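Structure record follows, encoded as structure tokens.
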Amino acid sequence: MKLAVIGTGYVGLVSGTCFADLGNEVICVDKLEDKVERLNRYDIPIYEPGLEELVRKNHQRDRLSFTTDIHSAVHHADIVLIAVGTPETESGAADMSFVYKVAEEIGESIEDDKYRVIVNKSTVPVGTAEKVEDLIKKQQPNANINVCSVPEFLREGSAVKDTFHPDRIIIGASDKRAESMLLELHSPLTDQIVVTDPRSSEMIKYASNAFLATKISFINEIANICDAYDADIKAVAEGMGLDNRIGPKFLNAGIGYGGSCFPKDVKALKHLAEERNYQPDILQAVMDVNEKQSHRMVEHLDRIFDGDIKGMTVAILGLAFKPNTDDMREAPSVKIIHELTEKGASVRAVDPIAANNARTLLPEDVHIVEDALEAIKDADAAFLVTEWDEFKKITADDFKRLLKQPVVIDGRNVFDRDLFKENGIIYHGIGRK
Ligand code: NAD
């Protein structure tokens with residue numbers, strides 16, 4: 001099939017490349033000339049395992065190209081996928097300006113009566129497919145199109161794998177012809193395909209992300225209660241997770257969720273509910289717990305030093321919002337580091353991939369180093385923020401030998417608490433007695 005993918009970020013670039021690898025002819029469009037130019041010489045602007053090889057292979061086989069020219073891409077396509085950003089606005093609503101602009105540009109680009117399916121892959125408010133169809137038809141009243149919703153569920157850090165092996169595909173189709181074209185496009189990926197209407201499909205995406213965020217805030221809340229009663233959240237989560245109705249995933253207590261999706265999507269869903277005069281109490285509680293969670297860890301540190309961390313050096317292990325990505329959007333590290341520096345601590349930070357993206361988000365005097373052991377050397381405390389594999393390998397002995405004071409705040413509960421304590425380390429995890 002001939003595809004145009006508008007927006008070459010984490011979603012557009014990965015899904016466009018994977019669809020090319022399945023044998024489709026894909027033109028990826030971005031408005032940023034610099035990005036397109038980099039992609040044409042295989043300089044991949046995001047960190048995503050396995051992506052560079054796939055881009056190179058499919059570009060060389062003439063199945064994948066990059067351009068700023070949306071007109072020719074739409075002209076060529078049977079299916080146009082919209083994958084631009086929908087960041088949060090001040091009110092919490094999704095900023096739909098990028099999607100609407102693309103809809104207008106698609107309308108301007110359609111000059112013939114060829115049938116095309118327009119697909120929203122961006123995470124968008126319920127009702128957007130209809131709105132996009134209106135905007136396209138305003139530009140080109142004779143456009144022979146249907147607008148559908150196929151939300152994206154890939155995870156940064158395993159985006160290529162997730163695209164080739166999705167748990168499910170949701171097709172929100174407004175028309176039978178569009179439905180069968182989208183089934184043909186997606187059927188090589190999985191047989192777990194749910195076909196529904198566009199509005200339900202748009203809601204499935206928000207509901208899924210809100211549910212995952214709820215699981216995180218829930219287990220963090222239980223961890224905080226464990227802290228107060230000397231129970232161990234690791235054992236509690238294991239015991240809960242063995243119940244098939246609960247399951248073990250997303251039960252790791254930590255410093256709260258971040259990233260480019262959960263924070264904005266929970267807010268956007270709350271905003272949608274409030275627009276229809278429904279007060280979403282659970283969503284509000286999920287956000288409240290998350291807001292406080294990283295702050296609690298700084299409080300633990302403060303308590304260890306009797307409320308005076310002024311002048312101390314804290315090593316921050318990890319800046320990205322999760323391992324295997326360079327994405328710093330809404331990363332809890334930013335909040336934590338600002339709070340520490342406001343309290344007068346010096347911060348020495350390390351991240352294998354995200355350091356460059358982090359620089360502009362952090363106070364100027366934060367010292368970013370290349371190596372984890374260099375970060376902890378002579379620091380007064382170490383704070384594990386992102387559970388990169390290489391940080392998990394730091395031993396109790398390393399911490400003891402290199403830190404000025406053997407204080408470890410484990411924001412992801414990855415270290416062996418008992419071993420660390422046996423080695424004389426002042427260890428603080430989350431909900432870990
Ligand atoms: P991104 O910010 O990484 O990329 C968006 C791209 O769109 C940018 O390269 C930008 O230059 C381009 N763009 C904006 N306006 C354009 C226009 N008029 N023409 C051409 N290109 C244009 O965004 P992302 O992380 O890929 O997310 C895209 C959407 O997918 C969002 O709605 C997001 O919520 C959703 N989503 C993201 C993820 C994720 O893990 N990042 C997962 C699932 C869903």
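As the structure is a computational prediction, the values presented were derived from the model and not from experiment. Remember, it's 1-based here, ligands and their atoms both numbered in the order they're listed.
- Here Ala83 has backbone heavy atoms under 4.0 Å from ligand 1, and that is the only part of it that gets that close.
- Of all atoms in ligand 1, numbered sequentially from 1 with element shown, those under 4.0 Å from a heavy atom of Glu105 are 18 (N).
- Considering only non-hydrogen protein atoms, atom 27 (O) of ligand 1 sits nearest to Val11 CG2, 4.0 Å.
- Salt bridge present: Asp243 and Arg245 bring a charged side-chain N and a carboxylate O closer than 4.0 Å.
- Using a 4.0 Å cut-off between charged side-chain N and carboxylate O, Asp43 and Arg41 make a salt bridge.
- The protein non-hydrogen atom at the shortest distance from atom 43 (C) of ligand 1 is Glu152 O, 3.3 Å.
- In summary, the atoms of ligand 1 found under 4.0 Å from a heavy atom of Lys264, numbered by their order in the structure, are 33 (C), 34 (O).
- Close contacts of ligand 1 with Ser260, meaning ligand atoms under 4.0 Å from a residue heavy atom, involve 41 (N).
- Remark: ligand 1 atoms within the under-4.0 Å shell around heavy atoms of Gly85 are 5 (C).
- The existence of a salt bridge linking Glu25 and Arg63 is excluded, since no basic side-chain nitrogen approaches an acidic carboxylate oxygen closer than 4.0 Å.
- The shortest N or O to N or O distance between Arg155 and ligand 1 is not below 3.5 Å.
- Regarding atom 39 (C) of ligand 1, its nearest protein heavy-atom neighbour is Glu156 OE2, 3.5 Å.
- Val84 CG1, 3.5 Å is the protein heavy atom nearest to atom 22 (C) of ligand 1.
- A salt bridge is defined here as a Lys NZ or Arg NE, NH1 or NH2 lying under 4.0 Å from an Asp or Glu carboxylate O, and Glu88 with Lys264 fails to meet this definition.
- A salt bridge between Arg296 and Asp227 is present, with a side-chain N of the basic residue lying under 4.0 Å from a carboxylate O of the acidic one.
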What's the verdict on side-chain contact (heavy atoms from CB on, under 4.5 Å) for Val5 and Val26, showing C-alpha distance, side-chain angles and the deciding distance?
CA-CA 7 Å; Val5 181; Val26 183; 3.9 Å; yes
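- A salt bridge links Lys392 with Asp389; the closest basic N to acidic carboxylate O contact falls under 4.0 Å.
- Here Lys57 does not pair with Glu53 in a salt bridge; the nearest charged N to carboxylate O distance is not below 4.0 Å.
- For the residue pair His295/Glu339, the side-chain donor-acceptor check at 3.5 Å is satisfied.
- Ranking protein heavy atoms by distance to atom 2 (O) of ligand 1, first place goes to Arg329 NH1, 3.4 Å.
- In summary, Asp232 and Arg417 engage in a salt bridge, as defined by a charged side-chain N under 4.0 Å from a carboxylate O.
- Salt-bridge annotation for Arg116 and Asp78: absent, with no side-chain N of the basic residue lying under 4.0 Å from a carboxylate O of the acidic one.
- When heavy-atom distances to ligand 1 are checked against a 4.0 Å cut-off, Val102 comes that close only through its side chain, counted from C-beta outward.
- Counting heavy atoms only, Cys261 comes closest to atom 38 (C) of ligand 1 of the residues Ala73, Ala94, Ala159, Cys261.
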Run the numbers on Arg199 and Asp197 for salt bridge (Lys or Arg N to Asp or Glu O under 4.0 Å), then give the verdict.
CA-CA 6 Å; Arg199 282 180 175 248; Asp197 60 278; over 6 Å; no
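- Near Gly7, meaning under 4.0 Å from one of its heavy atoms, ligand 1 places the atoms 6 (C), 7 (O), 12 (C), 21 (N).
- Which parts of ligand 1 touch Thr86 is read off a 4.0 Å heavy-atom cut-off, strictly below it: atoms 31 (C), 32 (O), 34 (O).
- Atoms of ligand 1 found under 4.0 Å from any heavy atom of Lys35, numbered from 1 in the order shown, are 8 (C), 9 (O).
- Taking the charged nitrogens against the carboxylate oxygens, Arg177 and Asp175 have no contact shorter than 4.0 Å, which rules out a salt bridge.
- For ligand 1 and Ile6, the ligand atoms under 4.0 Å from any heavy atom of the residue are 19 (N), 20 (C).
- When only interatomic distances are considered, the shortest N/O to N/O separation between Lys121 and ligand 1 does not fall below 3.5 Å.
- Residue contacts with ligand 1: Lys205 is included, with a non-hydrogen atom under 4.0 Å away.
- In terms of protein heavy-atom proximity, atom 4 (O) of ligand 1 is nearest to Gly9 CA, 3.2 Å.
- The heavy atom nearest to atom 44 (C) of ligand 1, out of those in Ile46, Thr123, Asn209, Ile82, is found in Thr123.
- Contact check on Glu390 versus Lys393 returns no salt bridge, with no Lys/Arg side-chain nitrogen under 4.0 Å from an Asp/Glu carboxylate oxygen.
- Here the protein heavy atom with the shortest distance to atom 12 (C) of ligand 1 is Asp30 OD2, 3.2 Å.
- Among all non-hydrogen protein atoms, the one lying nearest atom 42 (C) of ligand 1 is Leu154 O, 3.5 Å.
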